[in-house]
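Numbering starts at 1 and runs along the sequence shown. When a ligand or atom number is given, it counts from 1 through the structure's own listing order. All values derive from a computational prediction rather than experimental measurement.
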Amino acid sequence: MAAHEEFFSGISKIPYQPDAGAADVMCFKYYNADEVLRGRKMEEWLRFSVCYWHSFCGTGADPFGFQTLHRPWNEGTPMEAAKKRLRVAFEFFTKLGVKYYTFHDRDMAPEGSTLQESNKNLDEMTDLALQLQNQTGIKVLWVTCNLFAHPRYMNGAATNPDCHVLAYAGAQVKKGLEIAKKLGAENFVFWGGREGFLSIHNTDVAAELKHMANFFKMAVKYKEKIGLKCQFLIEPKPKEPCRHQYDYDAMSVIGFLKHYGLQDHFKLNIEPNHTTLAGHSYEHDIVMASAFGMLGSVDANTGSPDLGWDTDQFPMDIKNTTLVMKTIIEQGGLQPGGLNFDAKVRRESTDLVDLFIAHIGAMDAFARGLRNAVRIMDDGIMTGMVMERYSSFSHGLGHKVDNGSATLEEMEDFVIQNGEPEVKSGKQEKYESIFNHYI
Ligand code: XLS
Ligand code: CA
Ligand code: CA
């Protein structure tokens with residue numbers, strides 16, 4: 001990178017300084033990439049990724065106000081600016097010390113006036129991305145296609161009532177899969193941007209869901225055809241932009257995948273900001289997806305439940321990160337997924353250095369969550385209590401219920417012999433107090 005302009009001059013590689021004071025926010029106090037916890041380096045448990053769209057394309061504009069973030073890399077023609085932005089991004093990833101990034105096709109390369117022109121822009125930009133990846137060792141956690149911003153997609157992409165639009169989305173995904181292969185992306189995400197409806201009066205729900213499933217089947221087929229080895233992920237979200245989104249939450253997506261026979265080809269990319277928008281607790285969909293063996297990756301961010309829209313804030317709450325990391329350790333890690341910071345600095349956080357401060361704070365929040373979760377699991381107190389709570393299923397009739405061989409007649413015999421079950425405390429406050437001990 002030496003031959004090029006440095007954008008973050010004065011900032012060098014972010015160090016690990018566990019003894020740093022409260023006001024020192026330009027170092028990690030908990031994230032020590034090479035430290036081994038439960039048999040794995042911290043960087044392997046956490047697999048941090050920076051998202052391209054918010055951090056390098058974000059302007060700070062919101063529905064009520066204009067741009068507040070004026071970035072020095074947005075200069076020249078759209079392609080010149082795109083190239084500059086990519087170099088800046090790689091300087092940022094390197095200094096921050098993350099190994100992965102994520103992007104949409106259209107935030108890496110500007111859309112042209114035809115599909116061919118857009119593809120040509122993408123070819124040129126991904127040539128540069130590949131070169132920068134090879135120079136730095138930074139890899140693509142996931143790539144996705146933007147099938148929601150262009151006006152052609154205003155009524156949906158794979159669920160559009162017009163097959164011409166669906167075809168455009170298909171062509172765009174075909175190219176997206178090709179660049180995923182070219183850049184060695186470890187995952188490919190489908191977020192159902194406008195796959196849903198605003199009015200039931202003009203919508204054929206059954207047809208739209210079938211078309212979406214068939215669209216995914218085409219993607220699976222093409223992935224296999226070109227020998228692309230990456231995990232497909234669907235990202236649930238309950239609202240915004242549509243009033244109803246088909247991929248409402250983890251359980252809706254799992255039901256959809258199973259109904260259409262797609263469950264072996266996809267996992268879920270869970271974004272907690274979307275989970276809370278669906279009316280669930282922060283960790284809910286991470287736990288549900290994991291319980292079904294479907295947790296593939298996490299868009300590590302948070303919302304403001306008091307606002308009730310998708311604020312994509314940096315995750316800073318240690319209780320939340322501890323719960324997430326506990327689930328991730330219990331399922332043996334997230335690989336090939338990771339923790340992607342689909343988060344944006346507030347439009348009022350206008351300094352360039354705020355981009356660093358935000359990512360460092362969030363990485364440390366997750367590193368601290370990881371350390372807490374490891375202590376919870378090493379001590380085994382809570383795990384032991386949960387095991388004990390379910391112990392009646394490890395033998396006798398409970399074991400038969402567990403393996404699916406019990407009958408209702410056996411239930412009746414059991415109750416006639418054993419009478420009324422004992423009342424057993426759920427001990428919620430005890431669990432909560434023990435959990436707080438580790439935070
Ligand atoms: C929007 C989504 C989106 C996906 C990728 O709310 O979070 O950014 O992660 O298209
Ligand atoms: Ca997301
Ligand atoms: Ca979001």
Side-chain angles (χ1 to χ4, degrees), residues 48-59 62-63 100-109 111 140-150 153 156-158 169 172-173 176-177 179-180 185-196 212 216 219 230-250 253 266-280 282 284-286 289 295-305 307-315 320 324 334 337-347 358 362:
F48 288 130
S49 160
V50 170
C51 93
Y52 202 70
W53 53 101
H54 285 315
S55 291
F56 301 100
C57 308
T59 65
D62 77 3
Y100 291 96
Y101 71 110
T102 55
F103 68 95
H104 297 83
D105 50 359
R106 297 296 181 250
D107 39 65
M108 174 164 295
E111 176 139 15
V140 176
L141 183 70
W142 52 259
V143 48
T144 186
C145 288
N146 183 328
L147 305 176
F148 46 89
H150 192 280
Y153 295 126
Q172 207 178 314
V173 166
L177 296 175
I179 61 171
E186 300 191 12
N187 302 269
F188 190 95
V189 165
F190 295 87
W191 168 54
R194 293 181 195 272
E195 315 296 20
M212 185 161 79
F216 287 141
C230 77
Q231 174 70 58
F232 272 1
L233 300 166
I234 294 185
E235 180 178 326
K237 184 172 180 180
K239 54 184 160 188
E240 276 191 22
C242 293
R243 194 168 151 215
H244 177 79
Q245 302 272 147
Y246 291 130
D247 300 330
Y248 191 93
D249 63 359
V253 173
F266 289 83
K267 285 191 175 177
L268 273 57
N269 179 42
I270 300 295
E271 179 178 315
N273 194 169
H274 299 172
T275 308
T276 51
L277 281 177
H280 305 305
Y282 187 91
H284 179 275
D285 273 11
I286 286 177
L295 178 64
S297 203
V298 173
D299 267 3
N301 70 4
T302 193
S304 275
L307 285 175
W309 66 84
D310 190 17
T311 55
D312 288 339
Q313 288 164 238
F314 280 86
N320 286 340
V324 171
L334 264 186
L339 297 175
N340 172 50
F341 293 116
D342 186 356
K344 54 187 176 200
V345 290
R346 300 303 83 197
R347 71 194 297 270

Inset, instruction - Classify the side-chain pair Gln313/Asn301 by whether it contains a donor and acceptor separated by less than 3.5 Å. - result: no

Legend entry - Whether Phe103 lies under 4.0 Å from ligand 1, heavy atom: no

Legend entry - Passing option when His104 is tested against Trp191, Phe56, Phe148 for ring pair (Phe, Tyr, Trp, His ring centres under 6.0 Å): Phe148

Legend entry - Residue Trp53 vicinity, atoms of ligand 1 by number, heavy atom under 4.0 Å: 8 (O)

Inset, instruction - Just go through Gln245, Lys237, Glu235, Glu240 and tell me whose heavy atom is the nearest to atom 6 (O) of ligand 1. - result: Lys237

Legend entry - Ion pair check, Lys237 and Asp310, cut-off under 4.0 Å: yes

Inset, instruction - Kindly say whether the aromatic ring centers of Phe188 and Phe190 come within a distance under 6.0 Å. - result: yes

Inset, instruction - Tell me which protein heavy atom sits closest to atom 3 (C) of ligand 1, plus the residue, atom name and distance to 0.1 Å. - result: Trp191 CE3, 3.7 Å

Inset, instruction - Check the side chains of Tyr153 and Glu195 for a donor-acceptor pair under 3.5 angstrom, ignoring hydrogens and angles. - result: no

Legend entry - Under 4.0 Å to a heavy atom of Asp299 - the qualifying atoms of ligand 1, by number: 9 (O)

Inset, instruction - Start with the C-alpha distance between Tyr101 and Val143, add both sets of side-chain angles, then the distance that settles side-chain contact (heavy atoms from CB on, under 4.5 Å), and finish with yes or no. - result: CA-CA 9 Å; Tyr101 71 110; Val143 48; over 6 Å; no

Legend entry - Listed partners of His284 passing ring pair (Phe, Tyr, Trp, His ring centres under 6.0 Å), at least two apart: His280

Inset, instruction - Mark up the atoms of ligand 1 that fall under 4.0 Å of a heavy atom belonging to His104, in ascending order. - result: 5 (C), 10 (O)

Legend entry - Nearest non-hydrogen partners of Ala300 and Phe341, listed with the distance: O-CD2, 3.4 Å

Inset, instruction - Classify the ring geometry between His244 and Tyr246 as parallel (under 30°), tilted (30 to 60°) or perpendicular (over 60°). - result: perpendicular

Inset, instruction - Would you check if Pro272 and Asp285 make a side-chain contact, meaning some heavy-atom pair closer than 4.5 Å? - result: no

Legend entry - Side-chain H-bond candidate by donor/acceptor type, Asn340 with Thr102, under 3.5 Å: yes

Legend entry - Proximal protein heteroatoms (N, O or S) of the Ca ion (ligand 3), under 3.0 Å: Glu271 OE2, His274 NE2, Asp310 OD1, Asp310 OD2, Asp312 OD1

Inset, instruction - Examine ligand 1 and decide if any of its atoms is less than 4.0 Å from a heavy atom belonging to Asp342. - result: yes

Inset, instruction - State the atom name: nearest N, O or S atom of Glu235 to the Ca ion (ligand 2). - result: OE2

Inset, instruction - Pick one of side chain, backbone, both or neither for how Asp310 approaches ligand 1, counting any non-hydrogen atom pair under 4.0 Å. - result: side chain

Inset, instruction - Indicate, as side chain, backbone, both or neither, the part of Trp142 found under 4.0 angstrom from ligand 1 when only non-hydrogen atoms are considered. - result: side chain

Legend entry - Polar proximity ligand 1 side, Glu271 side, N/O cut 3.5 Å exclusive: yes

